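A quick note: this is a predicted structure, and the numbers were derived from the prediction, not measured. Side-chain atoms are counted along with the backbone in the values below, which use heavy atoms only and exclude waters and symmetry mates.
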Amino acid sequence: METNSSIFFTGKSVNGNVYHDIVVDIISKTESIGLNVVALKSDMGPSNQSLWRKWNITAGRHCKLSNFLPHPLDDNRKLFVIPDVPHLFKNIKNMLVINKEIFISNKIQQLYNLPTNKICSNHIEDVIKYQEKLDFLLVPKLSEQDLMPNHFQKMKVGKSTNVINHDVYTALRFLSEELNKPEYLTTAWFINLVDRWFSLMTSRHPVLALSKLKPDIYEETIQFLNSFIDIMSDLEVGHKRMWKPSQTGSILATKSILDIQKIYLIDKGFKFLLTSRFTQDCPENLFSILRSKNIVPNALQVKNNLKLLSVSQYLKEVSTGSYEEDDRTFLSGFLDTLKTKPIENQFQNIQLPSETSEPEINFAMVS
């Protein structure tokens, strides 16, 4: 579901601790209408991280992983914290491009049979230079601009998927053999790792969703996500071998999804879990629409535009938006489903996207 519950204006900097009472109030009102809040999602802005510290939400190389807090309305429940995965995906790509190199330990190198312990963005630049002389490009969407984005381009998920995708992975493997440069294989391994993680953490269809319908695939997927946490905990970034916030965020997000899937797939018996439902695509697309007329709107412009958008249910996809189009229903439609009886075995025969019929949509006029 998607809805705008509230909006708060702040100064250029704010102590995230003030969010605590606001968040608890929103959770209380949400649960009062029959909805259960299981997680909080946000980007990794300084004020949000300040709130996490207040809640003892942590992840690091030398500290205990803590990804939840007691539910404010029920001590027997957990409230999970999920850093927004598309934000993290962009940050991981920028972490590699800006710092030029990332190091893995000898343990990880030997475990995955890698030729070197260094992941290097220069290898991706070599792909760009190599394909300049080709009639058919190895990676058609990859360009130098993707490795040197401006401030607003850094906000676009599409710019990051141009760098981290299966085509770049296969191109690096091809050049490793073609140019006799085995060091490309370690970078290719990392690109493939992050690409698969992003696909699993933003699934929009049962084919990629977490599901126990096929136990072998489910177990392998869970094992992969757990290994991703181990790898991100092991990375050392740049020549100073630093720990970066994107490592903290990706570990927290992955751990929270692993915990949440147990609740829905094992405890509640759901057939599958679409992990895209735990991203910020909905508000980020809203922000893209708000910025369509004013790239940097002031508080009054945001307030007025938000009123118009909320009333008109502005659903048109923005071609220049930073995130993928959100495909969830509106809150009003979701509440109607609470009154309907469950349909037995409705997910026994899951259809592929090409087999799914086009849904009928009825628009209601609001006066």
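Taking CG of Asn162 as the start and CD1 of Ile124 as the end, the distance is 11.5 Å to the nearest 0.5 Å. Going from atom CZ of Arg204 over to atom OG1 of Thr202 covers 7.0 Å, rounded to the nearest 0.5 Å. Rounding to the nearest 0.5 Å places CD of Gln110 at 9.5 Å from CG of Asn113. To the nearest 0.5 Å, the span separating CG on Leu65 from OG1 on Thr248 amounts to 10.0 Å. With rounding to the nearest 0.5 Å, the separation of OG in Ser121 from CZ in Phe190 is 11.0 Å. Distance OG/Ser176 to CG/Asp126: 11.5 Å, rounded to 0.5 Å.
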Go through the steps for Ser203 and Thr275 under the test side-chain hydrogen bond (donor to acceptor under 3.5 Å, both in side chains), then give the verdict. CA-CA 5 Å; Ser203 60; Thr275 52; 2.9 Å; yes
Give the intermediate values and the outcome of side chain to side chain contact (heavy atoms under 4.5 Å, CB included) for residues Ile251 and Phe228. CA-CA 8 Å; Ile251 292 170; Phe228 183 85; over 6 Å; no
For His71 and Lys78, what are the C-alpha separation, side-chain angles and deciding distance, and is it a side chain to side chain contact (heavy atoms under 4.5 Å, CB included)? CA-CA 5 Å; His71 198 287; Lys78 296 177 180 178; over 6 Å; no
Between Arg77 and Glu31, does a salt bridge (charged side-chain N to carboxylate O under 4.0 Å, His left out) hold up when you go through it step by step? CA-CA 13 Å; Arg77 294 160 57 193; Glu31 298 224 345; 2.7 Å; yes
Walk me through it: do Glu125 and Lys100 pass the test salt bridge (charged side-chain N to carboxylate O under 4.0 Å, His left out)? CA-CA 11 Å; Glu125 295 177 10; Lys100 300 298 182 182; 3.7 Å; yes
Could you walk me through whether Tyr218 and Gln261 pass side-chain hydrogen bond (donor to acceptor under 3.5 Å, both in side chains), step by step? CA-CA 11 Å; Tyr218 170 77; Gln261 64 88 24; 2.7 Å; yes
Let me see the working for Leu51 and Val18 under side chain to side chain contact (heavy atoms under 4.5 Å, CB included), right down to the final yes or no. CA-CA 8 Å; Leu51 180 60; Val18 301; over 6 Å; no
Evaluate the criterion side chain to side chain contact (heavy atoms under 4.5 Å, CB included) for residue pair Phe80 and Ile263; output intermediate values, then yes/no. CA-CA 12 Å; Phe80 297 96; Ile263 296 175; 3.7 Å; yes
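When Ile104, Ile191, Leu193, Val237 are each tested for a side chain to side chain contact (heavy atoms under 4.5 Å, CB included) with Ile119, only one passes: Ile104. If you run salt bridge (Lys or Arg N to Asp or Glu O under 4.0 Å) between Asp146 and each of Lys90, Lys159, Lys141, only Lys159 comes through.
Residues Val23 and Leu40 meet the side-chain proximity criterion, which asks for heavy atoms closer than 4.5 Å. Between Met242 and Glu236 there is no side-chain heavy-atom pair separated by less than 4.5 Å. Side-chain contact check for Val81 versus Phe68: every heavy-atom pair is 4.5 Å or farther apart. Taking 4.5 Å as the limit, some side-chain heavy atom of Leu265 sits within range of a side-chain heavy atom of Leu210. Ile82 is listed as a side-chain neighbour of Ile260, based on a closest heavy-atom distance under 4.5 Å. Put simply, the side chain of Ile108 does not reach to within 4.5 Å of the side chain of Leu235, judged on heavy atoms. Between Lys118 and Ile102 the shortest side-chain heavy-atom distance does not fall below 4.5 Å. Using a 4.5 Å cut-off on side-chain heavy atoms (C-beta onward), Ile164 and Val168 make no contact.
Residue Ser50 comes nearest to Asn15 through the heavy atom pair OG-OD1, 3.4 Å, listed as atom of the first residue, atom of the second, then distance. Nearest heavy-atom pair, Leu88 versus Ala253, reported as atom, atom and distance to 0.1 Å: CD1-CB, 3.8 Å. Residues Ser199 and Leu208 come closest through the heavy atom pair O-CD1, 4.5 Å. Between Ser47 and Tyr19, the shortest heavy-atom contact is OG-OH, 3.3 Å. What you find for Cys120 and Leu96 is that their closest heavy atoms are C-CD1, 4.2 Å. Of all heavy-atom pairs between Gly249 and Met44, the closest is CA-SD, 3.5 Å.
Panel note: side chain Ser66, backbone Thr58; no donor-acceptor pair is recorded below 3.5 Å. Proximity of a side-chain donor or acceptor of Lys271 to a complementary backbone N or O of Lys212 within less than 3.5 Å is not detected. With Thr170 contributing its side chain and Asp167 its backbone, the two residues share a donor-acceptor pair below 3.5 Å. Listed for the Ser42 side chain is no donor-acceptor partner under 3.5 Å among the backbone atoms of Pro83. Formation of a donor-acceptor pair under 3.5 Å by the Ser211 side chain with backbone atoms of Leu213 is found in this model. In this structure, Gln247 contributes its side chain and Met232 its backbone to a donor-acceptor pair below 3.5 Å. Under the 3.5 Å distance criterion, the side-chain polar atoms of Asn117 are left unmatched by any main-chain donor or acceptor of Ser105. Side-chain N or O atoms of Gln131 include one that pairs as donor or acceptor with a backbone N or O of Val139 at under 3.5 Å. In this structure a side-chain-to-backbone donor-acceptor pair under 3.5 Å is present from Asn165 to Thr161. With Glu183 contributing its side chain and Thr116 its backbone, the two residues share no donor-acceptor pair below 3.5 Å.
Annotation: side chain to side chain contact (heavy atoms under 4.5 Å, CB included) contacts of Pro72 (sequence neighbours excluded): Val24, Ile27, Leu79.
Listed by first and then second residue, the ring-ring contact (aromatic ring centres under 6.0 Å, His included) pairs that reach into residues 238-270 are Tyr264-Phe270, sequence neighbours excluded. Note on residues 91-132: pairs passing ring-ring contact (aromatic ring centres under 6.0 Å, His included), not counting sequence neighbours, are Tyr112-Trp189, His123-Tyr184.
In this structure, Glu178 does not pair ionically with Arg173, as no charged nitrogen and carboxylate oxygen lie closer than 4.0 Å. One finds no salt bridge joining Asp84 and Lys41 here, because no Lys/Arg side-chain nitrogen approaches an Asp/Glu carboxylate oxygen to under 4.0 Å. A salt bridge links Glu220 with Arg196: at least one charged nitrogen is closer than 4.0 Å to a carboxylate oxygen.
Hydrophobic cluster membership is shared by Leu142 and Leu138, with clusters built from Ile, Leu, Val, Met, Phe, Trp and Tyr side chains linked at under 4.5 angstrom. When hydrophobic clusters are built by joining Ile, Leu, Val, Met, Phe, Trp and Tyr residues whose side-chain heavy atoms come closer than 4.5 Å, directly or via intermediates, Leu134 is grouped together with Leu172. Two different hydrophobic clusters hold Leu185 and Leu175 under the rule that ILVMFWY side chains link at heavy-atom gaps under 4.5 Å. No chain of hydrophobic side-chain contacts below 4.5 Å, direct or via other Ile, Leu, Val, Met, Phe, Trp or Tyr residues, connects Leu306 to Phe8.
The local environment of CG in Asp75 is sparse, with at most 12 non-hydrogen atoms from other residues, nucleotides or ligands closer than 6.0 Å.
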